[in-house]
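First up is the structure itself, then whatever we jot down about it.
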Amino acid sequence: GIQVEQSPPDLILQEGANSTLRCNFSDSVNNLQWFHQNPWGQLINLFYIPSGTKQNGRLSATTVATERYSLLYISSSQTTDSGVYFCAVASNSGGYQKVTFGTGTKLQVIP
Amino acid sequence: KAGVTQTPRYLIKTRGQQVTLSCSPISGHRSVSWYQQTPGQGLQFLFEYFSETQRNKGNFPGRFSGRQFSNSRSEMNVSTLELGDSALYLCASSLRLGFGKTQYFGPGTRLLVL
């Protein structure tokens with residue numbers, strides 16, 4: 001199956017700093033999403049981004065599907081950005097969508 | 001509009017028992033997906049229901065099953081529980097079918113199997 005690797009696994013930032021999280025995947029996919037899970041376990045969608053670039057406030061994401069990677073940019077980080085960031089990809093397999101998550105990047109933003 | 005609700009929030013079972021978890025989607029959402037999160041395996045997709053039919057599924061044994069009712073509420077059942085089934089079970093609802101859409105997640109059900 002498709003392998004999804006995220007880097008770095010852990011990241012500590014000072015409030016106000018910028019960061020880039022990376023997601024590499026091993027095969028062609030038909031969609032890719034980024035998620036944020038806060039320290040209390042609540043998961044939220046950040047971006048649906050199979051290709052191209054999207055921005056939402058201080059967050060933006062870029063996926064280069066031909067090179068099999070996606071990047072999530074966090075600018076002017078805030079303590080509320082802490083948590084784990086997951087990317088997940090989906091591909092068609094036997095009539096179903098096969099969904100694979102990366103292992104996540106754990107981000108801690110300190111004041 | 002109320003968010004996705006999951007019941008119960010916490011559950012303790014013993015090996016060999018079965019368990020049923022419930023998920024109520026956001027009003028108007030017809031798709032409900034289920035996910036398992038464990039420290040060892042991370043986040044894994046279980047299955048997706050849309051209009052009372054299972055439309056997508058992950059790679060889990062037949063002990064894991066689900067269903068969706070006409071009001072879009074969904075239940076997930078795990079039979080013959082194993083220690084490795086201890087996990088946070090998340091459900092998510094959305095308007096459309098398929099992974100490429102905005103999903104709204106519930107708070108999860110934490111299952112501990114002893």
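Reminder, nothing fancy here: chain letters follow the sequence lines and each chain counts from 1.
- For B:N59, the CG atom is loosely surrounded, since the number of other residues' heavy atoms within 6.0 Å does not exceed 12.
- More than 12 heavy atoms of other residues, nucleotides or ligands sit less than 6.0 Å from atom CZ of B:F60.
- Looking at A:Q42, the atoms closer than 4.5 Å to chain B (heavy atoms on both sides) all sit in the side chain, from C-beta outward.
- Taken together through direct or relayed side-chain contacts under 4.5 Å among Ile, Leu, Val, Met, Phe, Trp and Tyr, A:V89 and A:L21 form part of one hydrophobic cluster.
- Note on A:F35 and B:V4: separate hydrophobic clusters, where clusters join Ile, Leu, Val, Met, Phe, Trp and Tyr whose side-chain heavy atoms are under 4.5 Å apart, directly or indirectly.
- To the nearest 0.5 Å, atom NZ of residue B:K57 and atom NZ of residue A:K98 are 11.5 Å apart.
- Hydrophobic clustering keeps B:F64 apart from B:F50 (ILVMFWY residues linked when any side-chain heavy atoms are closer than 4.5 Å, directly or through intermediates).
- Ring centroids of B:F99 and A:Y48 are separated by 6.0 Å or more, keeping the two rings apart.
- The shortest non-hydrogen separation linking B:K101 to A:Q33 is O-NE2, 3.4 Å.
- B:Q41 does not touch chain A: none of its heavy atoms, backbone or side chain, sits under 4.5 Å away.
- Here the side chain of A:N45 pairs no donor or acceptor atom with the backbone of B:T102 at under 3.5 angstrom.
- For A:R22, the CZ atom counts as densely surrounded, since its 6.0 Å shell holds more than 12 non-hydrogen atoms of other residues, nucleotides or ligands.
- When ring centroids are compared, B:F45 and A:F101 stay outside the 6.0 Å threshold.
- Residues A:V84 and B:Y35 share a hydrophobic cluster, clusters being chains of Ile/Leu/Val/Met/Phe/Trp/Tyr side chains in contact below 4.5 Å.
- Placement of B:Y10 and B:M76 in two distinct hydrophobic clusters is found when ILVMFWY residues are connected by side-chain heavy-atom separations under 4.5 Å, directly or transitively.
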| request: Just do the side-chain hydrogen bond (donor to acceptor under 3.5 Å, both in side chains) check on B:Q37 and A:Q37 with the steps written out, would you? | output: CA-CA 11 Å; B:Q37 186 174 26; A:Q37 187 170 39; 2.8 Å; yes
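- Proximity to chain B is absent for every atom of A:F47, based on heavy atoms less than 4.5 angstrom apart.
- For B:L88, the part sitting under 4.5 Å from any heavy atom of chain A is the side chain, from C-beta outward, and nothing else.
- Summarising the geometry, atom CG belonging to B:L43 is positioned 10.5 Å from atom OG1 belonging to A:T103; distances are rounded to the nearest 0.5 Å.
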